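Given the structure is predicted, the values throughout are model-derived calculations rather than measurements. The chains referred to below are lettered A, B, ... by the order of the sequence lines, with proteins before strands, and numbering in each begins at 1.
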2 protein chains.
Amino acid sequence: MQHQYKYPRPAVTVDIVVFGTDLDDLFDPLKVLLIRRGRGVWKDAWALPGGYVRTGDAKDPGESLDEAAQRELEEETHCQVTYLEQLYTFGDPARDPRGRTISVAYYALVRTADYEAHGGGDAADAFWAPIDQAKNLAFDHDEILSVALERLKAKVRYAPIGFNLLPYKFSLADLHRLYEAVLMRDIDKRNFYKRARALGILKEAGVEKSGGKPGRCAKLYRFDKRAYDQAVKRGFNFEI
Amino acid sequence: MQHQYKYPRPAVTVDIVVFGTDLDDLFDPLKVLLIRRGRGVWKDAWALPGGYVRTGDAKDPGESLDEAAQRELEEETHCQVTYLEQLYTFGDPARDPRGRTISVAYYALVRTADYEAHGGGDAADAFWAPIDQAKNLAFDHDEILSVALERLKAKVRYAPIGFNLLPYKFSLADLHRLYEAVLMRDIDKRNFYKRARALGILKEAGVEKSGGKPGRCAKLYRFDKRAYDQAVKRGFNFEI
DNA sequence: GCAAAAGTGTTTGTGCTACACCCATGA
DNA sequence: TCATGGGTGTAGCACAAACACTTTTGC
C-alpha cells in the first residue's frame, strides 16, 4: 500500500554510535561498533548501525525515537546496553544520495567485557573498530562519530557514565586506562586514584584473581549507584 | 500534487526557543518569545515559533535543518539573531494529535535591547514572556522550553554565549543581572566582576550616559571576540 | 632475582568563597 | 542630603598539579 501526503516528507532514520571497550587492548581500549554495508549505495563501506523509525499510521501509533534506537541496538549487539542518549540530528539535504533523509543520531555505551562474543558474534559483518581507525565511513557517519566522541569526552568529565563501559567489577587501573583512552591524554595516576576514591561512589568489591599474569593483583571496585544518587540530591559536583 | 511513499513518513518541523532580554526589568530580564496560535488544535494557546522543514523533491533540494530554523526565525523576530544552536529532537508518537510529527528543536539568543520593537512589533500575536510565566504551552512545548533552559544554564557557564543576549555595549551590572537571571541564583557581585575581568575577553567601551536616573554612571564593556578566539586556541577554560 | 603491574603521600600554588563599605549622580 | 545604583579588596581554605618509589606476583 502507498502512503500519500500533500507535501513531500523526508525519511527519518536513527543511527547509533555504539561505544565499547576491550580492556586487554592496553593502548586502544575504546572501540566503536561498525557494520559492513552489503548492498546499495556505499556498498562494502563501513557504517554506523541504524535504520528507519517506524512511523506508524492510522492503526499503529509507531515508536518513539528512543524506542527506535533501542530496537536497532538490540538487533545489532548482544551486549548489555547500559546507556543510551540522543546525540544530534543530521539533516543536510545531500547527506543521503537516495533521497532526503533526516537522521537522529544516538550514542550508546555497552559492556562488551561481560560477554564472550566480541568479534565472533552472529552479526555477520559487525566489527569493533579502534576509535582512531574508524574513518571513511558511509554517508556522513564520520561526522556523526566525531560529534559522538566529543560528547562522550565532555560528558565523561562531569557524569559517571564511564562505568557503563566497564565490567561490573573493575580495578582503578581499568578506570584509569579508560579515561586516558576517552580523553586521549595522559592522566596522573596518583591524582586520578585519589579523586576517584574521594568521589565516594566506588564500593570495594574484592580482589582480582591473578590470571596467570605477572604483577600485583588489583583491588576491584564497583559503581555505587545508591551513593551517587544521594550525592546528586545533595547537589554534588562530579568533575573528574 | 500528491507525494507517495511505500512506507508512512512523519512530518518534520523545527521549533525554536528564542531567548531575549529586557534589561529594564530588574527581576526578570530573561524572556522567551511566544506565539499565539490562531487556529486548529491548541487554538488560542501560546506556543513556540516554528514550522515545517522544506523537504524538497526531484527538482528542489530543500533546506537543511539549520536553514529551516533560521528561516522561521527571520519570519518571527526582527531582532538580531546572534546565536542559534540545535537543542534536541522530540519524537513521541503522541506529541501532535494531528499525526506523527517529529520536531527538531533549536534555541536562539537575540539582542532585543538593540531594537525598539519589543512588544509593539508586527508579528501580530508575539509576546516576550518572562521565563517563569511561560507555562501551559501548546503540544510538548513546556518540555522543549525546559530542556532549552537547562542547556542555556549549562552552556552559559563554560562558553561566552551570554553576550549574545546583551546589547553591543553593556555594563558589568548588566552582565551580572543576566547571569543571575539565567542561573536563577544569587551571585556575589565582587567575585563575579573579578572573574569576568580576569577572563580577559572584555574590552572597555566608554561610559554610560546617565539617562536621567540616579546612581553612578556605569563603565561599559564589549565582548572581545579576538581575545576570546586566541584564548581558546591556547586551550583556555571559560568557567564563570 | 627480575620483569611487570598495582599501589601509595607530600608539597606547592592557584583560585574560589565569604564578606562590608565608599563613590557618583539625580531629585 | 538622601536615595539609588556602581564600584572596590582581602584573608582563609580547599582543591589541583607535580612528582618517584615500594609492593606484590609470575616466571
Side-chain angles (χ1 to χ4, degrees), chain A residues 22-27 29 157-158 166-167 169-181 183 185-202 204-222 231 234-240, chain B residues 22-27 29 157-158 166-167 169-181 183 185-202 204-222 231 234-240:
Chain A
D22 176 359
L23 292 178
D24 297 331
D25 186 338
L26 292 194
F27 280 122
R157 290 185 53 191
Y158 65 89
L166 295 175
K169 294 179 178 187
F170 53 86
S171 68
L172 286 179
D174 292 335
L175 191 63
H176 182 237
R177 264 195 296 274
L178 175 68
Y179 270 77
E180 286 195 328
L183 299 179
R185 59 182 172 86
D186 291 343
I187 300 173
D188 181 89
K189 192 167 45 155
R190 278 166 296 186
N191 292 335
F192 182 84
Y193 283 27
K194 214 185 309 168
R195 267 200 303 272
R197 277 196 273 249
L199 292 176
I201 56 174
L202 294 182
E204 299 195 7
V207 176
E208 188 185 44
K209 299 162 214 151
S210 128
K213 282 157 205 160
R216 186 167 169 177
C217 294
K219 289 184 198 162
L220 296 179
Y221 298 84
R222 63 178 184 79
R234 295 196 306 273
F236 200 79
N237 189 3
F238 274 90
E239 301 252 342
I240 277 208
Chain B
D22 177 359
L23 293 179
D24 297 331
D25 186 338
L26 291 194
F27 280 122
R157 290 186 52 192
Y158 65 88
L166 295 175
K169 294 181 178 186
F170 52 87
S171 69
L172 287 179
D174 292 335
L175 191 62
H176 182 238
R177 264 195 296 273
L178 176 67
Y179 270 77
E180 286 196 327
L183 299 179
R185 60 182 171 87
D186 290 344
I187 300 172
D188 182 271
K189 193 167 47 155
R190 276 168 297 185
N191 293 335
F192 183 84
Y193 283 26
K194 213 186 309 168
R195 267 202 303 274
R197 279 195 273 247
L199 292 176
I201 56 175
L202 294 182
E204 300 195 5
V207 176
E208 189 185 43
K209 298 163 215 151
S210 128
K213 281 156 207 161
R216 186 166 167 179
C217 295
K219 288 183 199 163
L220 296 178
Y221 298 84
R222 62 179 185 79
R234 294 195 308 271
F236 199 77
N237 189 3
F238 275 90
E239 301 254 342
I240 276 208

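In this structure, B:Lys219 reaches the D:dT8 phosphate: one of its side-chain N or O atoms is under 4.0 Å from OP1 or OP2.
Computed from coordinates, the B:Glu239 CD to C:dG15 C1' distance equals 12 Å when rounded to whole Å. Between the C1' atom of C:dA6 and the CD atom of A:Glu208 lies a distance of 9 Å, rounded to the nearest Å. Distance OH (B:Tyr193) to C1' (C:dA18): 17 Å, rounded to an integer number of Å. Taking atom NZ on A:Lys209 and atom C1' on D:dT25, their separation rounds to 17 Å, with Å as the unit. Atom CZ in B:Arg197 sits about 13 Å away from atom P in D:dG6, given to the nearest Å. If you take CG of B:Asp174 and C1' of D:dG5, they are 12 Å apart, rounded to a whole angstrom. Whole-Å rounding puts the A:Phe192 CZ to C:dG9 C1' distance at 18 Å. Separating the CG atom of B:Leu220 from the C1' atom of D:dG7 is a distance of 14 Å, rounded to the nearest angstrom.
With rounding to the nearest 0.5 Å, the separation of NZ in B:Lys213 from CG in B:Asp24 is 5.5 Å. To the nearest 0.5 Å, atoms CD1 (B:Ile187) and CZ (B:Arg195) are separated by 7.5 Å.
The shortest side-chain heavy-atom distance between A:Lys169 and A:Tyr221 does not fall under the 4.5 Å cut-off. Side-chain atoms of B:Phe238 and B:Ile201, non-hydrogen and from C-beta on, do get closer than 4.5 Å to each other.
Closest to the A:Arg177 side chain, of the nucleotides C:dC16, C:dA6, D:dA17, is C:dA6.
In A:Arg157, the CZ atom is not crowded: 12 or fewer heavy atoms of neighbouring residues, nucleotides or ligands sit closer than 6.0 Å.
Shown here for B:Ser171 and B:Leu220, the closest heavy-atom pair between the two residues is N-CD2, 3.9 Å. Taking all atoms of both residues into account, the shortest heavy-atom contact from A:Leu23 to A:Pro167 is CD1-CD, 3.7 Å.
Within the structure, every pair that satisfies the salt bridge (charged side-chain N to carboxylate O under 4.0 Å, His left out) test and touches residues 171-180 of chain A, not counting sequence neighbours, is listed here: A:Asp174-A:Arg177.
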- [ ] For DNA chain C, just give me the dot-bracket, please: Watson-Crick or G-U, both distances below 3.5 Å, ( ) intra-strand, [ ] crossing earlier pairs, | paired with another strand, . unpaired.
- [x] |||||||||||||||||||||||||||

TODO: Mark up nucleotides 19-27 of chain C, 5' to 3', with B wherever a protein heavy atom is under 4.0 angstrom from a base atom, S wherever such an atom reaches only the sugar-phosphate, and - elsewhere.
DONE: BB--BBBSS

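Between A:Phe192 and A:His176, the ring planes lie tilted relative to each other; the angle falls in the 30° to 60° range.
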